[in-house]
> 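Have a look at this one before I ask anything.
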Amino acid sequence: MTNKYMYFIANWKMFGVLNSLNSLHKVLKFLKTFKNNKSIKLIYCPPNTLIRPMTKKLKKSNIDVGAQNCHENEAYGAFTGSVNSKMLKSVGAKYVIIGHSENRQVGETNKLINNKIKSALKSGLKVIFCIGETLQEKRKRITKKVLNSQMKLGLNKIKNNKNILIAYEPVWSIGTGLIPKSEELYETINFIKKRMKNYKVLYGGSVNPKNINELKTITNIDGYLIGGASQDPKKFIDIIKKTYN
Ligand code: PEP
């Protein structure tokens with residue numbers, strides 16, 4: 001049981017069409033009667049195509065909407081297929097996920113991620129900055145070294161900023177059903193918090209209604225970034241409820 005202020009961030013990845021927004025009704029209904037309503041911040045990060053209609057649907061709620069990535073350029077330009085942070089802001093996004101491992105795996109470098117974060121902050125977006133080690137790095141026991149360099153380079157020349165949330169997402173845990181051992185996770189979150197003082201640190205990677213009872217005992221976590229389970233309103237609600245039970 002917690003009574004801490006917690007973030008629940010839904011990452012819909014490349015899932016969802018207009019009809020998918022109907023699933024939000026269940027979540028809105030649940031929030032109306034949820035007694036810990038004031039202790040939580042919900043943020044939905046749908047594909048870019050749904051940002052505008054989603055912000056309209058959530059207008060009367062205190063749920064925020066975010067994007068899943070942005071271009072590094074703050075200015076407009078000839079970058080076919082890309083969207084920058086200003087454009088995301090203009091359709092109602094308040095947050096943007098940057099540095100997700102699914103994007104790091106297709107070539108995003110720490111330098112590029114650093115530029116994206118700077119551009120997002122300049123445009124007035126808050127950033128959900130993802131870091132995490134691969135299975136190979138974990139096996140080599142270099143998790144801390146990897147996280148250290150992702151934080152150092154990703155946040156280079158960015159002052160301690162209340163507009164950044166750090167999401168620790170071990171790559172081997174995303175979409176696999178696996179989560180780190182509780183003591184290990186506590187220690188890693190602690191390591192990040194010592195290195196990045198005053199930052200909120202979230203955990204992401206296969207969070208679901210079954211493992212939330214174990215995760216919620218890890219007292220230094222400030223919330224969760226939830227992929228698969230966030231697309232099912234029942235599972236998403238269950239995760240929130242159980243966190244406070
Ligand atoms: C994610 O995409 O950030 C994520 C944590 O996914 P999942 O919950 O499906 O592992």
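Quick caveat, the model's predicted, so the values are computed rather than measured. Ligands are counted one by one from 1 in listed order, and the atoms in each one are counted from 1 as well.
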> Looking only at side-chain N and O atoms, does Q136 offer a donor or acceptor that is under 3.5 Å from a partner on W172?
no

> Hydrophobic cluster mates of L112, side-chain heavy atoms under 4.5 angstrom, ILVMFWY only, any path?
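Via sub-4.5 Å side-chain contacts, L112 links to none.
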
> Between Y203 and S173, do the side chains contain a donor N or O and an acceptor N or O under 3.5 Å apart?
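Short answer, yes.
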
> Which bit of N11 is near ligand 1, meaning a heavy atom under 4.0 Å away: side chain, backbone, both or neither?
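Side chain only.
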
> As an exercise, identify every atom of ligand 1 less than 4.0 angstrom from a heavy atom of G228.
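In order of numbering, the contacting atoms are 7 (P), 8 (O), 9 (O).
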
> For atom 1 (C) of ligand 1, what's the nearest protein heavy-atom neighbour? Residue, atom name and distance, please.
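The closest one turns out to be H100 NE2, 3.2 Å.
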
> Looking at V96, N163, I98, N156, which one forms a side-chain contact (heavy atoms from CB on, under 4.5 Å) with I117?
I98

> Which atom pair, heavy atoms only, marks the closest approach of S119 to H71?
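What the structure gives for the nearest pair is OG-O, 3.9 Å.
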
> Check each atom of ligand 1 against the heavy atoms of I174 and keep those under 4.0 Å away; list them by number with element.
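Result: 4 (C), 6 (O), 10 (O).
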
> Could you check whether F191 and Y168 have their ring centres less than 6.0 Å apart?
no

> Starting from atom 5 (C) of ligand 1, locate the nearest protein heavy atom and write down its residue, its atom name and how far away it is, to 0.1 Å.
E169 OE2, 3.0 Å

> Do me a favour and list the nearest non-hydrogen protein atom to atom 2 (O) of ligand 1 with residue, atom name and distance?
K13 NZ, 2.7 Å

> Which atoms of ligand 1 sit under 4.0 Å from any heavy atom of S206?
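Those of ligand 1 that fall under 4.0 Å from S206 are 7 (P), 8 (O), 10 (O).
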
> Ignoring angles and geometry beyond distance, decide whether I226 reaches within less than 3.5 Å of ligand 1 through its nitrogen or oxygen atoms.
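By distance alone, the answer is no.
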
> Any side-chain donor-acceptor pair under 3.5 Å between N114 and K157?
no

> Check whether any heavy atom of G205 sits under 4.0 Å from an atom of ligand 1.
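G205 counts as a contact of ligand 1 under the 4.0 Å cut-off.
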
> Would one find an N or O of G175, backbone or side chain, under 3.5 Å from an N or O of ligand 1?
yes

> Should I40 and Y244 be marked as a side-chain contact (heavy atoms from CB on, under 4.5 Å) after you check the CA-CA gap, both sets of side-chain angles, and the distance that decides it?
CA-CA 10 Å; I40 59 174; Y244 286 89; 3.3 Å; yes

> Output the list of atoms in ligand 1 that are nearer than 4.0 Å to some heavy atom of G227, sorted by atom number.
4 (C), 5 (C), 6 (O), 7 (P), 8 (O), 9 (O)

